[in-house]
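Have a look at the structure below before the remarks.
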Protein chains: 2
Amino acid sequence: MPRTMSAPRLTQQDCSNCPIRHSAVCARCEADELERLESVKYYRSYKAGQQIAWAGEPLDFVGSVVEGVATLTQTMEDGRRQMVGLLLPSDFLGRPNRAKATYDVVATTDLVLCCFRQKPFQELLLDTPHISQRLLEMTLDELDAAREWMILLGRKTAREKIASLLSIIARRDASLRENPAEQSVVFDLPLTREAMADYLGLTLETVSRQISALRRDKVIVLEGKRHVTVPDFDLLMSETGDDSDGGIFG
Amino acid sequence: MPRTMSAPRLTQQDCSNCPIRHSAVCARCEADELERLESVKYYRSYKAGQQIAWAGEPLDFVGSVVEGVATLTQTMEDGRRQMVGLLLPSDFLGRPNRAKATYDVVATTDLVLCCFRQKPFQELLLDTPHISQRLLEMTLDELDAAREWMILLGRKTAREKIASLLSIIARRDASLRENPAEQSVVFDLPLTREAMADYLGLTLETVSRQISALRRDKVIVLEGKRHVTVPDFDLLMSETGDDSDGGIFG
DNA sequence: CGCTACTTTGACGTGGCTCAACCCCAGTGG
DNA sequence: CCACTGGGGTTGAGCCACGTCAAAGTAGCG
């Protein structure tokens, strides 16, 4: 399978109907700016499990996740792996003005990207302040998220790590729903136990054991391996070790 | 002691003689842009150990570290602490357009900041592309550093963590020297054992033991508690768990 | 000279890792 | 239709790296 293979391009879509229109890097753009974006953007699709980029290898585009989930991971020489990014819809992939990927990028579900080649995007950045401002804001948000993640990795117990990951996925998932008022917190895990372990700095066995423990303690209900119901979100939050706050829509 | 106390302001300095002129957020500015910066910048000084900001409390300025070292830390309800940022000269402190500090900020050595009030800085960002471009670049660099840090926290052993921290400090220290060619790698630790533990996600006892072990194994030589000599930098690098590379000036 | 903050070192306990067996289920091909 | 296979997941037994608790050493400083 060729490395840069991707599914056939989608038909050119209207930005104004895009599901991530108001949260992606284009969020602040006006109608005329969107027209310019439409003229240079293109879509790429990947199947679940497909690798999008290899650390150290060329990557000549940047873009936004439109649908699906991708991960950034780093592998040490002896095989130890750590996830360092979890890209959900509207998140930005790649670094402007950098020709090579810094991390392995893998689609963990079927994935659609809205892409820009490096050079045109660089020009967009230079003469579309609404884009560069938004990109700065998103990068600062990602830095805050990375710092939260550092607290998780450095100081939380295995149980707290699992609870934190579940709450993060639930929160992000809820923010995408049509009707955010609906109270049942139900979602599918987009990650295998192994990927969760790579996220959390644990082994997959420990992940499995702690999920079983949370199920035993009725903090979560599982149907199959991936489908999760959270009967009491505050209870889950109280297991994360974070300051009690509980608001799912913070 | 009032919270926002700081030492008397320095005399207004000429940006062109500033030690961080070419690496801080102002690095790309032209002469006329520097003039504008000079008209709104001001200096703040702090003593070693002094706290600069409290998580959740107002912080109405942003700025660059000119001299000294500051840390960003987060504390969990039960007192567990994790450092999430180590600010060395030329690093940027604070987030544009955010009125409150997200983390505790502490000067771990005597410190000088070059500051801007939030409002004027926001205006600078909007109409000085050289500043906003540079800030984006620095934020992306910080995100990369945060991700390296995540690998350290999630997957490295205690010994590897210590070796990694020493190499990071040595590297940053070397990049500030007049004569970077000089080969002896010698520096002072700007952190207590406890602060190192907070950085690395360890206890201070484990930090102390691992430093003793590296000394026993002749990877480092200590004079006093803080003054470190690295007789063979490649040897230290080989203890970090990172890809062998060894170049101190990468 | 006696605080106090920082550091080192020892003894012991334990949370999460390692190694290993086994389960479940969706393909796939005979 | 069933046997086989492989990827994911669960669970147990034992171990060890690092945390916890405790004591004592060291250096700066009023």
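Chain letters run A, B, ... following the sequence lines, proteins first, then strands; residues in each count from 1.
Side chain of W149(A) to main chain of A146(B): no donor-acceptor pair is present (N/O by atom type, distance under 3.5 Å, no hydrogens or angles). Side-chain atoms of S208(A) never come within 3.5 Å of backbone atoms of E205(A) as a donor-acceptor pair (strictly under, hydrogens ignored).
A cation-pi arrangement is not found for R226(A) relative to F187(A), the charged atom failing to lie both closer than 6.0 Å to the ring centre and inside a 45° cone about the ring normal.
Backbone-only contact: R226(A) has heavy atoms under 4.0 Å from sugar-phosphate atoms and none from a base. Here R159(A) lies out of heavy-atom contact (under 4.0 Å) with every strand. Contact annotation for T192(A): backbone-only contact, meaning every heavy-atom pair under 4.0 Å involves sugar-phosphate atoms and none involves a base. Note on L204(B): a base of the nucleic acid sits closer than 4.0 angstrom, heavy atoms only. Using a 4.0 Å heavy-atom criterion, one finds that G201(A) contacts the sugar-phosphate atoms exclusively.
Under 4.0 angstrom from either OP1 or OP2 of dC18(D) there lies no side-chain N or O belonging to T206(B). Using a 4.0 Å cut-off, no side-chain N or O of R209(A) falls inside it from OP1 or OP2 of dG16(C). Distances shorter than 4.0 Å separate none of the side-chain N or O atoms of T157(B) from OP1 or OP2 on dA17(D).
A salt bridge between D78(A) and R155(B) is absent, with no side-chain N of the basic residue lying under 4.0 Å from a carboxylate O of the acidic one.
Where R155(B) and G224(B) each meet DNA chain C at their nearest nucleotide, the meeting point lying more 5' is that of G224(B).
Atoms CG (D78(B)) and P (dT20(D)) sit 10 Å apart, rounded to a whole Å.
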